[in-house]
Number of protein chains: 2
Amino acid sequence: MDQIDRNILRELQKDGRLTIQDLAQRVGLTSSPCMRRVRQLEQDGVIQGYRAVINPEAVGRGFEVLVSIEVKRDREAVEAFEAALQEIPDVIEAYRLFGSPGCLLRIAVADLTAYERLWIERLTTLSGITEVNSQIIMKRVKEPQGLPVDD
Amino acid sequence: MDQIDRNILRELQKDGRLTIQDLAQRVGLTSSPCMRRVRQLEQDGVIQGYRAVINPEAVGRGFEVLVSIEVKRDREAVEAFEAALQEIPDVIEAYRLFGSPGCLLRIAVADLTAYERLWIERLTTLSGITEVNSQIIMKRVKEPQGLPVDD
DNA sequence: AATGAAAAATCTTATGC
DNA sequence: GCATAAGATTTTTCATT
């Protein structure tokens with residue numbers, strides 16, 4: 001990976017639908033070598049895929065909550081808990097942490113009412129957990145812009 | 001937005017580089033009406049953009065930390081703090097919360113050493129804050145797959 | 001109001017240099 | 001890495017439902 005590859009990654013994180021030609025121009029190449037580099041980056045797993053970014057409000061997911069969950073410290077409980085998370089579509093991101101809480105979720109739902117229902121029906125009922133703590137997001141302060149790519 | 005539009009959103013979140021023709025086939029249209037719908041969704045701001053998804057390890061960002069920060073409850077402190085966050089590229093996401101902590105960051109750096117440097121140089125020195133608490137991410141439990149789109 | 005078919009413009013991709 | 005050319009795709013236009 002050289003400077004040109006890093007520029008390609010930067011550009012494709014800003015606009016994942018750039019044509020190879022536009023991309024080539026921005027990184028100072030013609031399209032054939034540019035395309036070869038992009039395909040290589042895809043094959044190598046550096047570029048894992050491409051995604052449309054959807055406005056959460058537009059699909060009824062404008063209400064976000066961070067949920068800290070304390071999970072029992074044993075392998076079975078952790079595995080069952082993490083498998084259960086995969087089945088809840090409202091859970092957008094989930095991280096297992098060192099220390100306490102054992103897990104943090106980001107959840108997106110329509111509104112407080114929807115969250116109350118989710119909380120009572122699917123979060124408090126998760127097996128292997130000892131505590132659930134919800135924090136409502138007031139505002140997204142920094143929009144995800146992809147990862148910075150250092151020179 | 002009808003059922004077809006929702007299917008388009010689902011498909012483009014899975015693969016943001018689908019050709020209009022493939023997309024059209026998947027949602028049961030021919031390419032012209034399909035393209036018009038996609039452009040409309042873009043114009044309406046439902047589709048906010050397209051992004052390549054980069055492997056964090058591949059760009060030296062495989063070490064992630066969640067940082068809870070308590071910010072002074074006054075407008076100036078909050079605004080200065082949030083502006084400062086925009087200038088730290090290692091901060092990938094940031095949320096302002098109701099209650100405590102006032103703010104949660106997700107940070108991606110190369111390793112623990114890089115995080116130590118960031119913490120001492122740029123986090124503890126932020127103005128208007130009263131507490132910084134770092135939690136290292138052991139594992140991403142649920143990969144971001146975009147937002148669920150309900151029928 | 002939205003779709004489908006077909007043609008023109010543009011883009012992707014393979015090949016030879 | 002570049003230039004070219006063949007093959008796909010995008011995008012426009014116009015007729016259709």
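Side chains included, hydrogens not; waters and symmetry mates left out as well; all remaining heavy atoms used. Note that this is a predicted model, so its numbers are computed, not measured.
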Nearest heavy-atom contact between A:A58 and B:M1 is O-CE, 3.5 Å
When rounded to whole Å, the CD to C1' distance for the pair A:Q40 and D:dG1 reads 15 Å
Every protein N/O lying under 3.5 Å from an N/O of nucleotides 3-9 of chain D:
{"residue": "D:dA3", "atom": "N6", "partner": "A:S32", "partner atom": "OG", "Å": "2.5"}

* To do: Decide, yes or no, whether a salt bridge links A:R122 with A:E87 under the criterion of side-chain N to carboxylate O below 4.0 Å.
  => no
(message) Quick test of your reading of the model: are B:D15 and B:R10 salt-bridged, counting only N-O distances below 4.0 Å?
(response) no
note: B:R37, atom CZ; C:dA1, atom P; distance rounded to Å ~ 15 Å
When rounded to whole Å, the CZ to P distance for the pair A:R17 and C:dT10 reads 18 Å
In whole angstroms, the gap separating P of D:dT10 from CD of B:E42 amounts to 12 Å
**Message:** If the threshold is 4.0 Å, N to carboxylate O, is there a salt bridge linking B:R61 and A:D150?
**Reply:** yes
- prompt: Should A:E64 and A:R140 count as an ion pair when the cut-off is N to O under 4.0 Å?
  reply: yes
From CD of A:Q25 across to P of D:dC2 the rounded distance in Å is 13 Å
Residue pairs passing the side chain to side chain donor-acceptor pair (under 3.5 Å) test with at least one member in residues 25-39 of chain B, sequence neighbours excluded, are B:D2-B:R37, B:D5-B:R37, B:E11-B:R26, B:R39-B:E42
**Report entry** Salt-bridge contact B:E82-B:R96 (side-chain N to carboxylate O under 4.0 Å)
**Finding:** yes
Rounded to whole Å, the CE-P distance (B:M35 to C:dC11) equals 13 Å
Discussion item. Surrounding CZ of A:R75 (heavy atoms of other residues, nucleotides or ligands, distance under 6.0 Å), is the total greater than 12?
Written reply: no
To the nearest angstrom, the CD-C1' distance between A:Q43 and C:dT13 comes to 14 Å
query = How about B:E76: does its CD atom have over 12 heavy atoms from other parts shown lying under 6.0 Å from it?
reply = no
Students should find that the end-to-end axis angle of the helix from C:dA1-D:dT17 to C:dC17-D:dG1, with five pairs defining each axis and rounding to 10 degrees, is 30°
**Prompt:** Do any side-chain nitrogens or oxygens of B:R39 fall under 4.0 Å of OP1 or OP2 in D:dT10?
**Reply:** no
Separation of C:dC11 atom C1' from A:L29 atom CG, nearest Å, is 17 Å
